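All values below come from the heavy atoms of this structure, side chains included, with hydrogens, waters and symmetry mates left out. Residue numbers begin at 1 in each chain, while the letters A, B, ... track the order of the sequences. Nothing here was measured: the structure is a model prediction, and the numbers come from that model.
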Amino acid sequence: MSFSQRLKEDFTTTTIVLIAIAIVINMTVGQVVSMLKLPIFLDSIGTVLVGLLAGPIAGGLTGLLTNLIWGMITSPVAAAFSPVALAIGVAAGLCARYGLFKTWWLAIIAGVIITFFNAVVAVPIRLYMFGGITGSGADFMTSYMLALGKDLFGSVVVTVFTSNLIDKVATALIAWAIVKALPERTTDRMPQAKYVVSAA
Amino acid sequence: MPVIDITQLSYCYRENNPPVLQDVSLQIYSGQFVGIAGANNSGKSTLCYAMSGVVPHLFHGKFSGNVKINGISTLEHTVSDISNQVGLVLQKPDNQISGMRFTVFEEVALGLENRGFERETIRKRVSEMLNLMELSSHAERSPFHLSGGQQQRLALASVLAVDPPVLILDEPTTFLDPSGAFHLFSILQKLQKEGKTIIITEQRTDLLAAFTERVIVLQEGRVRKDGSPQNVLTTPDIETAGIGRTRYTKTAELAKKNSLWQTDHALPATLNETIAGLRIRKNTDDYKN
Amino acid sequence: MTIRIKNISFSYPDGSRALHNLSLTIETGECVAITGHNGSGKTTLVKHLNGLLKPDNGDVLVNDSNTKACKTGQLARQVALLFQNPDDQICKQTVRDEIAFGPKNLGFEKDKINLLVEVSLALFDLVQYKNHNPHDLGYSERKRTAMASIVAMDSPVLIFDEPTAGLDHLEIELLLKVFEKLQRENKTIIVISHDVDFIAENMDRTITLANGEKIFDGPVRNLFQDDSLLARCGLLAPQMVQLSKSCKLPSAALSPQEFISLVQD
Amino acid sequence: MLFIDRPGWLHKLHPFTKLVLLLLSAALAYLTGLSIGSLSLLLAACLLLIISGGIFSVSAKMVIRIFLPLILFMVPIHGLLNPANTTEIFSFHGIVFYREGLFFALKTLMQLGVVISASLAFVFTTHPADLITAVSHASGSISIGYLLGFPLLLLESMRERVVTIQNAQRARGLEIDGNIFRRFTSLGPLLFPLLIGSIVGIEQRSIALEVRGFKIHGPKTSLRLVPDSLLQKLSRRLMLTLAVILPMLHFFR
């Protein structure tokens, strides 16, 4: 079956609209965070939400498209990291399917797992495409690790993991809270929400 | 044969919830302009959904009875198929914009593209629709940059482009200002004259009285009244069903008490009916003396 | 609690002019409607009353203190503002918590919060829903929840943006009862609305804006009698005014009762 | 949107042609082991593409915006700290720059330069509506067009909604400044209406799509024309083949 056929068969209209809305959520949440001057990004909250509500494939697609569209409207650099966003969505979907979003403390563990998936994909891109440096604040961390005598690979791994841990755990917790707060008539329509909601 | 034929329709959204529609039977005939009135939660939206196939296809509740559109049961056809027969316009203007097209013109064209019409036919048809809805000067703008009233007319143009014989509008004026609401109703009147069947849910009884030819009152999911606007909208007990009678009706009632009303005239629902029935001097000069 | 607006002008960062040289005074206990076209500056004006926006020029004085010197958080104790769409504010998982959100932010004592919440729930006929998720309810119940959450803040001035939109007849009657109660408590009520019939019967004074300027400020009747003014602000005449005009009454009636007394000898 | 509406030969190319060109330049820059010399040739070719496409000034601004921070971090970090550093080039107040690190930084920046300028040649000259039409045609799926178009179109009104929500909550006494703990607790009242409201709204949006025949089967037409040509189709094939074969030749040599 071709990809587009699979899209048609697997994805209901509701799921398609959910993904589209989640992409916009990813792109606007940064505005709230910067309004409050908080040290997190939350720019994958929509991706994680789709993972929870509609499964890993839909979640991955949300992440991938978010960064590709970012690439078209802000800077092509964002598009280079689209595989990372895809990994986050897939990881969130898998975590939800295996019951890791049933309680708030399980959601924290899920956040750590998502951070791990994030690093597995982000490190090679950062390393081989950008030479380990992306021109952001996180580069200070990399240079500090290098100065301590670590090799480039190790430095990038540490940088990616630490700069994402708090953000992804916060993202996972908020996504969990949102799904819990959704009215039943909405979660009823979401193919995978039962893995999260039924624990209540 | 009625265009819409509903027999003993009952529906609830979830298994254990109380029913939203109970034993609704009604027939709507070709070319009618029908208003549906009722309090919030009286089942108006659900009835609109049932007449367009959204219920039961997109909500998985408990459905019994039968809804036939031009003799075809909604149960046996998909929402897409039914969309060729029935156009549905919803309450919130911006929620109905597809989000797939960057201009108003292309937005209206979407339904025709999706049904495989020829490019020239599409152009012609879209231009007609934009003219009819008075949106031609906005053809190249983004659909999201229109006002609420314009977006609602755009939604109407988009469903009308594929030429369904029946139009259902679910409280389309809630988020419009009064002149926008009036504008929408006058466009619907034009469409009725062209032969469309129009069904609209609406809180404002002055609009229902001025434009529709038949009003159905829903209360707790049942049909309570069905008749001409003047008959239905003037009875005092619709107020307990959450429907406010027009100020004209109330004025006439007071006039009756003060013997300022011609006894052979029924209670009015519109301005003209009121003027015709009042027993007062209708000239400024009379009041100067 | 007097609100004084002195020669304010305001432009948005993109340069579009929203308010121009506008002055007005609203006294304690008044019941004022603000009318005008979409985009005439109504919402921009009321955002100045609680300090969400600060004027580029001129001053807004709430109870003699300049909004430029106050934070919105403090001003919310004086002026409560309800936005049009309830879904822009609902953030709690029960109707009760949602209504308690405002009073909690204002730092009221627990007993006072409970009392205010219970009163608001009853006023808007929401007691049966108090433990429901607001999003499980219909639009008009969410709208009532949002209105209750503003009333529960117990501020002396209350502003409602399009309070009647989406409400049915019974719910509008309920809202009128709430307005009557607030009036008895000598609170100031400001309503932005397009609902001319509602304004005609229930408001004393109207302020009309066009293109960010005040084009009318006075008794409701004077606005509705003036056809050219109505046309300028895109309003239709209320039903009673249309009837009065058709019957060529020398002055327009605003309610059926008034109409009858005008035509009686 | 980065798209710039002006006539130019790049604007007239089919979106896929430009995408394949981007793919080929990325493969050449990263996977074929080009020397600094060949990389500068490739970079020059990209520059030529941008100039002839009539998007030089906008691209230059964007390139500066992207590369300034990259250069600022890349040169000192690799020049000073790259683990492979052995050969001193020069020292400055006791800070020593090394040849290997600087060389590595230069090469990475050039590779990035190729990919980013080829990307800009795509995004500045391709109207999203053309891309959506092309993708919908190729995939036969209207959903993909929706997923690409909707976010672009809705972004602006969603951003306005963020501001409205912030206003609505501040009007109810919510503080958005204060210490970090306080700001964290304000996150919920600002995020929840945005997220929950949007997700609940999906029901209405999907009904609106369904009743307009979103899922209708059968052949589709398109009002918008995205011109293609045999030459472009052939060159896409060629470029795709090169993008696969050249890296393979490099790896198996």
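Proximity to chain D (any heavy atom under 4.5 Å) is shown, for A:Ala177, by both the backbone and the side chain. Heavy atoms closer than 4.5 Å to chain D are found nowhere in A:Leu68, neither backbone nor side chain. Interface remark: D:Leu131 contributes side-chain atoms only to the contact with chain A (heavy atom separation under 4.5 Å). Contacts of A:Ile21 with chain D are made by both backbone and side-chain atoms, with heavy-atom separations under 4.5 Å. Looking at D:Phe67, neither its backbone nor its side chain comes within 4.5 Å of chain A, counting heavy atoms on both sides. Heavy-atom distances place the backbone of A:Tyr128, and not its side chain, under 4.5 Å from chain D.
Annotation: the span from D:Leu81 atom CG to A:Lys150 atom NZ amounts to 14.5 Å, rounded to 0.5 Å. Atom CD1 of A:Ile178 sits about 4.5 Å away from atom CG of D:Leu195, to the nearest 0.5 Å. Summarising the geometry, atom CD1 belonging to A:Ile16 is positioned 12.5 Å from atom CZ belonging to D:Phe150; distances are rounded to the nearest 0.5 Å. Here the CD1 atom belonging to D:Ile77 is positioned 5.0 Å from the CG atom belonging to A:Asp139, to the nearest 0.5 angstrom.
Ranked by heavy-atom pairs under 4.5 Å with chain D, the list A:Ile25, A:Ile23, A:Leu38, A:Val32 is led by A:Leu38. For chain A, the option among D:Ile116, D:Leu209, D:Leu191 with the highest count of heavy-atom pairs below 4.5 Å is D:Leu191. Each of D:Leu187, D:Ile180, D:Leu72 has some count of heavy-atom pairs under 4.5 Å with chain A, and the biggest count is that of D:Leu187.
A donor-acceptor pair is defined here as one N or O able to donate and one able to accept, closer than 3.5 Å; such a pair exists between the side chain of D:His78 and the backbone of A:Gly131.
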Criterion side-chain contact (heavy atoms from CB on, under 4.5 Å) on A:Leu152 and D:Phe104, from CA distance to verdict: CA-CA 12 Å; A:Leu152 193 55; D:Phe104 179 83; 4.3 Å; yes
Intermediate values then yes/no, side-chain contact (heavy atoms from CB on, under 4.5 Å), A:Leu36 and D:Phe184: CA-CA 8 Å; A:Leu36 294 170; D:Phe184 254 108; over 6 Å; no
Under the side-chain contact (heavy atoms from CB on, under 4.5 Å) rule, what do A:Met72 and D:Leu2 come out as? Steps first, then yes or no, please. CA-CA 6 Å; A:Met72 283 206 78; D:Leu2 293 177; over 6 Å; no
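Residues of residues 81-97 of chain A placed with any heavy atom under 4.5 Å of a heavy atom in chain D are absent; none qualify.
For the side-chain hydrogen bond (donor to acceptor under 3.5 Å, both in side chains) condition, the pairs that include at least one residue of residues 185-209 of chain D, sequence neighbours left out, are A:Arg185-D:Glu203, B:Tyr49-D:Gln204, B:Asn95-D:Arg205.
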Please set out all donor-acceptor pairs under 3.5 angstrom arising from side-chain atoms of residues 20-31 of chain D, sequence neighbours excluded.
{"unit_1": "D:Ser25", "atom_1": "OG", "unit_2": "D:Leu21", "atom_2": "O", "d": "2.9"}
{"unit_1": "D:Ser25", "atom_1": "OG", "unit_2": "D:Leu22", "atom_2": "O", "d": "3.0"}
{"unit_1": "D:Tyr30", "atom_1": "OH", "unit_2": "A:Met129", "atom_2": "O", "d": "2.7"}

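Of the candidates D:Leu153, D:Leu152, D:Leu154, D:Leu194, D:Leu154 is the only one forming a side chain to side chain contact (heavy atoms under 4.5 Å, CB included) with A:Val24. The residue from A:Thr15, A:Thr14, A:Leu53, A:Thr186 that alone fulfils the side chain to side chain contact (heavy atoms under 4.5 Å, CB included) condition with D:Ile202 is A:Thr14.
The ring-ring contact (aromatic ring centres under 6.0 Å, His included) search around D:Phe3 returns D:His11, D:His127, not counting sequence neighbours.
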